[in-house]
**Student:** 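My structure is below; once you've seen it, I'll send some questions.
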There are 2 protein chains.
Amino acid sequence: MLNPAVSQAAAPMTAAARSARAAEFQTAGQEIAEVLRLIQEQLQPQRRIVRAGETLYQAGERFGNLYVLNSGLFKLINLSSDGREQVVALKFRGDWLGFDGIAAGQYACDAVAMDTGEVWVMRYDAVLAACALRPALLRVLHEAMSREIGRDRDSLMSVCSLPADARVADFLRYWAESLAKRGLRTDQITLRMTRAEIGNYLGMTLETVSRSLSRLARQQLICFTEKGRRDVHIPDVMALVSFVQSAVAPAPATLQ
Amino acid sequence: MLNPAVSQAAAPMTAAARSARAAEFQTAGQEIAEVLRLIQEQLQPQRRIVRAGETLYQAGERFGNLYVLNSGLFKLINLSSDGREQVVALKFRGDWLGFDGIAAGQYACDAVAMDTGEVWVMRYDAVLAACALRPALLRVLHEAMSREIGRDRDSLMSVCSLPADARVADFLRYWAESLAKRGLRTDQITLRMTRAEIGNYLGMTLETVSRSLSRLARQQLICFTEKGRRDVHIPDVMALVSFVQSAVAPAPATLQ
DNA sequence: CGTTCGATTGAGGAAGATCAATTAATGTGG
DNA sequence: CCACATTAATTGATCTTCCTCAATCGAACG
């Protein structure tokens with residue numbers, strides 16, 4: 001978009017940087033588990049099993065609950081007043097859902113499960129009451145909201161400043177790192193979105209998504225499993241990071 | 001981008017819809033004033049005058065304060081790990097700043113004043129303490145965070161689903177409505193951003209911003225004042241809304 | 001009054017959208 | 001389990017939007 005697309009093999013990363021990143025994710029995974037434990041203890045939330053395609057809440061619906069994802073995967077679909085609709089966020093284990101409803105007293109988007117999962121349901125009032133007794137819980141709540149703000153802005157930056165291939169690469173990186181932070185396998189990703197949905201999320205057409213994935217595969221940054229192109233194997237997440245960087249800082253022209 | 005650009009004069013809006021929208025903004029303006037009063041009473045924040053160009057906090061700086069804007073105008077500039085930087089949000093009277101710092105314990109962006117203004121400075125801990133005593137304050141805080149999440153997503157949608165001209169129109173509409181909600185004059189806007197900054201915020205080049213503004217002016221959706229092209233006169237905000245809609249729902253082909 | 005920075009406008013080119021055809025996966029009823 | 005229908009994905013050809021490069025103009029400022 002703004003920057004020239006650079007189609008090049010990615011630069012490698014040092015082993016030190018690699019293990020630092022891995023350690024960071026490991027502690028993050030522990031934190032997520034701790035937070036879930038705290039929520040469970042303090043709020044005794046109602047558990048709800050959702051299946052792929054089920055809607056947790058819908059845009060316009062009266063706000064009242066907050067949700068925490070214990071397992072599974074959600075997409076949030078925003079609708080504008082003029083009828084556009086778009087995937088604006090993805091939610092993984094440990095993420096909260098429903099914050100968007102607090103401001104106006106009604107949810108601003110649809111929360112749709114992309115997989116079977118378990119959601120913890122809590123009345124917002126009950127959360128507030130528990131927070132009043134347990135400051136740690138309030139801190140956790142605010143951290144979650146703050147993280148959501150930060151993530152939304154990162155999405156905006158990706159869409160605004162990266163060319164299509166890098167945007168897809170950054171999307172895969174984000175997905176892989178989200179799994180890594182939760183202690184899940186990161187080399188094999190099952191994309192539970194169609195090309196059209198990915199494109200909708202990233203601000204491009206499904207054809208461009210398909211072409212970008214093909215190009216990334218041709219450059220060995222990803223590979224498809226033998227059965228189906230829904231599963232993506234990422235041999236090295238850092239290579240994706242480097243690829244995005246190389247697209248931003250185009251062609252250093254043998255500078256050192 | 002995703003949708004075909006439609007260059008047409010905008011459809012008018014009913015007087016009823018117009019006044020409903022105006023009333024909505026008036027009550028919003030009162031709410032903002034009330035919220036500011038509540039904050040002032042409960043927190044007795046330290047006041048700080050900022051001048052255009054001054055930085056309230058910077059990315060990476062240790063988090064500790066939250067801020068509320070009593071007057072003036074701020075931009076938030078996000079920086080990615082690979083060096084890209086982008087305007088990701090604008091802040092008006094009554095808006096909070098600093099939420100992005102809660103999650104990681106350090107701010108994630110630069111907050112830069114675009115105008116002389118007054119900022120209220122509060123320790124995050126002090127805010128939490130006050131919230132513990134006054135549930136209304138906690139509600140206000142959460143509403144502000146929720147609104148920020150919602151706004152960020154609207155930005156994302158605009159960038160992902162609108163062609164350049166509509167994106168600029170939507171930007172002007174957002175700015176005008178932000179002023180309207182605060183009881184300020186909405187027909188005359190002083191853009192305190194260069195074309196380059198606007199383009200950076202909207203994900204397009206400064207030339208495209210310039211051309212889009214020229215086209216909007218040619219269609220009488222905006223006009224420039226005699227002195228300078230920094231001031232934009234918007235004769236009818238609703239016409240901008242209609243223009244964006246017409247770009248989304250392309251050419252109904254004389255349907256009715 | 002020249003210098004500088006920002007804005008405008010034009011010409012050409014490139015990334016990505018659109019249209020279209022083909023192939024692969026998924027599902028359905030017999 | 002297969003034939004068929006349906007939906008998703010890929011790939012190619014063409015067209016549009018917007019980016020890039022460049023020149024000009026205007027405003028602000030020392």
Side-chain angles (χ1 to χ4, degrees), chain A residues 1-8 52-53 84 86 114 158-169 171-172 190-218 222-232 247-248 250-251, chain B residues 1-7 52-53 84 114 158-169 171-172 190-218 222-232 247-248 250-251:
Chain A
M1 238 188 151
L2 280 173
N3 299 304
V6 175
S7 302
Q8 286 185 344
R84 286 169 286 154
Q86 192 192 325
M114 302 172 70
S158 183
V159 168
C160 281
S161 61
L162 295 180
D165 286 9
R167 221 139 87 213
V168 172
F171 164 74
L172 294 173
T190 302
L191 296 176
R192 288 185 166 75
M193 309 169 77
T194 64
R195 303 294 188 250
E197 271 183 316
I198 296 171
N200 176 274
Y201 181 43
L202 299 180
M204 63 185 74
T205 60
L206 74 170
E207 293 95 334
T208 300
V209 173
S210 179
R211 278 186 249 265
S212 289
L213 286 171
S214 296
R215 277 189 288 264
L216 291 176
R218 216 167 298 139
I222 62 173
C223 34
F224 292 111
T225 56
E226 53 287 354
K227 45 182 56 185
R229 293 154 314 236
R230 232 32 191 272
D231 286 26
V232 173
V248 169
Chain B
M1 240 183 151
L2 280 174
N3 300 303
V6 176
S7 303
R84 287 168 286 155
M114 303 172 69
S158 184
V159 167
C160 282
S161 61
L162 295 180
D165 286 8
R167 221 139 87 212
V168 172
F171 165 74
L172 294 173
T190 302
L191 295 177
R192 288 185 166 77
M193 308 169 78
T194 64
R195 303 293 188 251
E197 271 183 314
I198 296 172
N200 177 275
Y201 181 42
L202 299 180
M204 63 185 76
T205 60
L206 72 169
E207 292 95 332
T208 301
V209 173
S210 180
R211 278 185 248 267
S212 289
L213 286 172
S214 296
R215 276 190 289 265
L216 292 175
R218 217 167 296 139
I222 62 173
C223 32
F224 292 111
T225 56
E226 52 288 352
K227 45 181 60 185
R229 295 151 313 235
R230 235 24 195 276
D231 286 25
V232 173
V248 169

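All chains are named by letter (A, B, ...) in the order of the sequence lines, taking the proteins before the strands, and each is independently numbered beginning at 1.
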**Student:** Atom CD1 of I198(A) to atom P of dA8(D): distance rounded to whole Å?
**Tutor:** 13 Å
**Student:** How close or far is atom C1' of dG6(C) from atom CE of M193(B), stated in whole angstroms?
**Tutor:** 14 Å
**Student:** Taking side-chain contact (heavy atoms from CB on, under 4.5 Å) as the criterion, tell me which of M193(B), M204(B), E197(B) meets it with V209(B).
**Tutor:** M204(B)
**Student:** Show the numbers, then the answer: is there a side-chain contact (heavy atoms from CB on, under 4.5 Å) between D165(A) and R211(A)?
**Tutor:** CA-CA 8 Å; D165(A) 286 9; R211(A) 278 186 249 265; over 6 Å; no
**Student:** Could you tell me the separation between the CG atom of L202(B) and the P atom of dC18(D), rounded to a whole number of Å?
**Tutor:** 12 Å
**Student:** Between atom CE in M204(A) and atom P in dT16(D), what is the gap in whole Å?
**Tutor:** 22 Å
**Student:** Looking only at side-chain N and O atoms, does S214(B) come under 4.0 Å of OP1 or OP2 in dT9(C)?
**Tutor:** yes
**Student:** Given dG6(C), dT10(D), dA8(D), which nucleotide is nearest the side-chain atoms of R230(A)?
**Tutor:** dA8(D)
**Student:** How long is the gap from OG1 on T208(A) to CD1 on I198(A), to the nearest 0.5 Å?
**Tutor:** 12.5 Å
**Student:** Is the backbone of S210(B) close enough, under 3.5 Å, to the side chain of S214(B) for a donor and an acceptor to pair up by distance?
**Tutor:** yes
**Student:** Should L213(A) and R229(A) be marked as a side-chain contact (heavy atoms from CB on, under 4.5 Å) after you check the CA-CA gap, both sets of side-chain angles, and the distance that decides it?
**Tutor:** CA-CA 10 Å; L213(A) 286 171; R229(A) 293 154 314 236; over 6 Å; no
**Student:** Output yes when at least one side-chain N/O atom of T208(B) is less than 4.0 Å from OP1 or OP2 of dC18(D), else no.
**Tutor:** no
**Student:** Could you check how far CG of L206(B) sits from P of dC19(D), rounded to whole Å?
**Tutor:** 10 Å
**Student:** Sugar-phosphate atoms are those with a prime plus P, OP1 and OP2; base atoms are the rest. Using that split, label each nucleotide of nucleotides 19-25 of chain C B, S or - for protein heavy atoms under 4.0 Å, 5' to 3'.
**Tutor:** B----SS
**Student:** Could you state the CG-P distance from L191(A) to dT10(D), rounded to the nearest angstrom?
**Tutor:** 10 Å
**Student:** Between the side chain of R167(A) and the main-chain N/O of G203(A), is any donor-acceptor distance below 3.5 Å?
**Tutor:** yes
**Student:** Rounded to whole angstrom units, what separation is found between the CZ atom of R195(A) and the P atom of dT7(D)?
**Tutor:** 18 Å
**Student:** Passes side-chain contact (heavy atoms from CB on, under 4.5 Å), V232(B) versus L191(B)? Steps please.
**Tutor:** CA-CA 7 Å; V232(B) 173; L191(B) 295 177; 3.7 Å; yes
**Student:** Atom CG of L213(B) and atom C1' of dC18(D): how far apart are they, to the nearest Å?
**Tutor:** 15 Å
